[in-house]
Every structure is written in structure tokens, then in C-alpha cells.
Visitor: 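Below you will find the structure I want to go over with you.
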Amino acid sequence: MRRAVRRAARRAGPRALLACLALAPLAACGEADMADQARAKTWDKNPFFPREITMRQPVAGTVPRSDPARAAPQPQAISRALLDQGRERYGVFCTPCHGQDGRGAGMIVARGFPSAGDLTAGPVRAASASDLYDAISNGRKAMFGMAQMIPSADRWAIVAYVRALQLSQDAPVASLPEADRARLEATR
């Protein structure tokens, strides 16, 4: 019998040996449950590391890719680029509640959400730029804070755009440049 097995092995040659070696790892996979295995969670105690926590400290000199909470200074001057940035950010984050004209009748309010504040009203006009920045950052009344979603520089740009929006509400038509008056008349 042994001789017969040896002869069969010699006839099959190295191909049979390679096939057996390729299939051997599959035999070990029978009972493994990859979803249920030992792992360390971020805040777990872990005596392996010096501070005995699993979470590791960033390498010295690591710079975050973006930190929306990092405060940017208030712009000293309002530029066209800043207003364009503010209009774009206002359109993304503020328009759903405050509406494009800032009067507080955005599409979310139209669908039953509590009324958003009128950004063109007297008290908001009287508020300082820092107060508006604080309201965007930390929220006010039904509005939740957006500091984690809107980077600081964008919040200042939104404040600048809200100021321009407020001024535009009362601008006399006669004060507009001729080209703008013509465009306005064309829309009527």
C-alpha cells in the first residue's frame, strides 16, 4: 500500500504539492469570526503603552488639516473677495432658515420650522459685528451654534455679507449706478 501511495505522489509531482500548499490556509478559516475578535478601543486602558491608554498622541509638530474652531481675527477691511466668500457661505449655511434676503423666511421655516430671525431688523442692525459672529458661532434662541461646521474666517465673511445685505434693503434706487438701475428696471 505504501509503495502505491509513493508511486502516485511521484506521478502527480510538484503540481500536486503546490495545490496542497495553496489549499492548506483555507483549512484554518473554518471557525474564524472576523467580526468578533479582540481589539483595543481608543479610550481603553492599555498597559502596553507608557500612559496606559490606547489612543496615541500625535507626533510632535503635527498640524491639523483644518480646525474650524481655531479663531481667525476680525477682518480690518471689507473687500469684494470677502463679500463673495460671505455670500457663498451664507447661501450654504444661512439661506435655508433666514432666506436669501435675510428676512427669516427660508425654506425650512416655510416647512414648519420655528421662524428664523430677521437679519435686516433694527436690533440685528444695531448689533456689533462681534455679536453677529458670536451668534453664528454659539447660536441664539432656536438657532444652534455652527462653530464646528463653519471655519472662523468664513463666519467673519458671513458677518460682512449680512452687513451688506442689511444695507441693500434700504438703498434708494437713485443711489444706484446707471447700469444697476437699468437692470433693476428690466426686472420690473
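We're numbering straight along the sequence, starting at 1.
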Visitor: May I ask you to test the Trp156-Ser130 pair for a side-chain heavy-atom distance under 4.5 Å?
Guide: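 Counting from C-beta outward, Trp156 and Ser130 do come under 4.5 Å.
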
Visitor: Rounded to the nearest 0.5 Å, how far apart are CD1 of Ile136 and CZ of Phe93?
Guide: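 Answer for the CD1-CZ pair, Ile136 versus Phe93, is 11.0 Å.
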
Visitor: Are Leu165 and Met146 co-members of a hydrophobic cluster defined by side-chain heavy atoms under 4.5 Å apart?
Guide: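 Yes; tracing contacts between hydrophobic side chains, which count when under 4.5 Å, links both residues.
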
Visitor: Might you point out which heavy atoms bring Pro114 and Ala142 nearest each other, and give the distance in Å?
Guide: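 Shortest heavy-atom separation between Pro114 and Ala142 comes out as CB-CB, 4.5 Å.
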
Visitor: Test Val173 against Arg181 for side-chain contact (heavy atoms from CB on, under 4.5 Å), laying out the working first.
Guide: CA-CA 7 Å; Val173 175; Arg181 274 187 281 170; 3.9 Å; yes

Visitor: Taking the basic N atoms (NZ, or NE/NH1/NH2) and the acidic carboxylate oxygens, is any pair closer than 4.0 Å for Arg87 and Asp84?
Guide: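 Yes.
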
Visitor: Side-chain heavy atoms nearer than 4.5 Å, only ILVMFWY residues, links allowed to pass through others: does that put Val162 and Ile78 together?
Guide: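 They do not share one cluster, since no chain of ILVMFWY contacts under 4.5 Å joins Val162 to Ile78.
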
Visitor: To the nearest 0.5 Å, tell me how far Asp180 CG sits from Ser175 OG.
Guide: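 So the gap between those two atoms works out to 9.5 Å.
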
Visitor: Can you confirm whether Asp118 sits close enough to Val124 that some side-chain heavy atom of one is under 4.5 Å from a side-chain heavy atom of the other?
Guide: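 The answer is no; the side chains never approach within 4.5 Å.
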
Visitor: Take atom CD in Gln169; do more than 12 heavy atoms of anything else shown fall under 6.0 Å from it?
Guide: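 For Gln169, atom CD is crowded (more than 12 foreign heavy atoms under 6.0 Å).
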
Visitor: Charged N to carboxylate O below 4.0 Å: is that the case for Arg125 and Asp170?
Guide: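 A salt bridge is present here (some side-chain N lies under 4.0 Å from a carboxylate O).
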
Visitor: Are Met143 and Met149 grouped together when hydrophobic residues (ILVMFWY) are joined by side-chain heavy atoms under 4.5 angstrom apart?
Guide: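 Yes: a chain of side-chain contacts under 4.5 Å links Met143 to Met149.
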
Visitor: Given 3.5 Å as the limit, does a donor-acceptor pair link the side chain of Asp44 with the main chain of Lys41, or not?
Guide: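 At least one qualifying donor-acceptor pair exists.
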
Visitor: Hey, is the main chain of Arg103 close enough, under 3.5 Å, to the side chain of His98 for a donor-acceptor pair?
Guide: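 Checking the backbone N and O of Arg103 against the side chain of His98, no donor-acceptor pair under 3.5 Å is found.
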
Visitor: Could you tell me the separation between the CZ atom of Arg140 and the CG atom of Leu132, rounded to the nearest 0.5 Å?
Guide: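 CG of Leu132 is found 8.0 Å from CZ of Arg140.
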
Visitor: Quick one: CD on Gln100 to OH on Tyr90, what's the gap to the nearest 0.5 Å?
Guide: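 Nearest 0.5 Å value for the CD-OH distance: 8.5 Å.
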
Visitor: Just by distance, do the side chain of Thr95 and the backbone of Val92 share a donor-acceptor pair under 3.5 Å?
Guide: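 Flag not set: sc Thr95 to bb Val92 has no pair under 3.5 Å.
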
Visitor: Side chains of Ser152 and Tyr133: donor-acceptor distance under 3.5 Å anywhere?
Guide: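 Short answer, yes.
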
Visitor: Over all heavy atoms of both residues, which pair between Ile108 and Cys97 is shortest? Give the atoms and the distance, please.
Guide: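 Heavy atoms of Ile108 and Cys97 come nearest at CD1-SG, 4.3 Å.
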
Visitor: Is the positively charged end of Arg89 above the ring of Tyr161, judged by distance under 6.0 angstrom from the centroid and angle within 45° of the axis?
Guide: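 No, Arg89 does not lie over the aromatic ring of Tyr161.
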
Visitor: So for atom CZ, which belongs to Phe144, do other residues, nucleotides or ligands contribute more than 12 heavy atoms lying within a distance under 6.0 Å?
Guide: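 No, because the 6.0 Å sphere around CZ of Phe144 holds 12 heavy atoms or fewer from other groups.
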
Visitor: Within this structure, what is the CH2-OG1 distance for the pair Trp43 and Thr54, rounded to the nearest 0.5 Å?
Guide: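 That separation rounds to 10.5 Å.
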
Visitor: Which pair of heavy atoms, one from Ala153 and one from Ala72, lies closest together, and at what distance?
Guide: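 Residues Ala153 and Ala72, closest heavy atoms: N-CB, 3.8 Å.
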
Visitor: Which atom names give the shortest non-hydrogen contact between Leu83 and Ala160, and what distance separates them?
Guide: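 So the minimum-distance heavy-atom pair works out to CD2-O, 3.5 Å.
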
Visitor: Take atom CZ of Arg39 as the centre, draw a 6.0 Å sphere, and report whether it contains more than 12 heavy atoms from other residues, nucleotides or ligands.
Guide: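 Atom CZ in Arg39 is not packed in, count stays at 12 or less.
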
Visitor: Distance check, rounded to the nearest 0.5 Å: Leu119 atom CG versus Ile158 atom CD1?
Guide: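 Atom-to-atom, Leu119:CG and Ile158:CD1 are 10.5 Å apart.
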
Visitor: Answer yes or no: is there a side-chain heavy-atom contact under 4.5 Å between Ser137 and Arg155?
Guide: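 They are in contact (side-chain heavy atoms under 4.5 Å apart), so the answer is yes.
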
Visitor: Just checking, is any N or O donor in the side chain of Asn46 or Glu52 under 3.5 Å from an acceptor N or O on the other one?
Guide: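 No, no side-chain donor-acceptor contact under 3.5 Å.
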
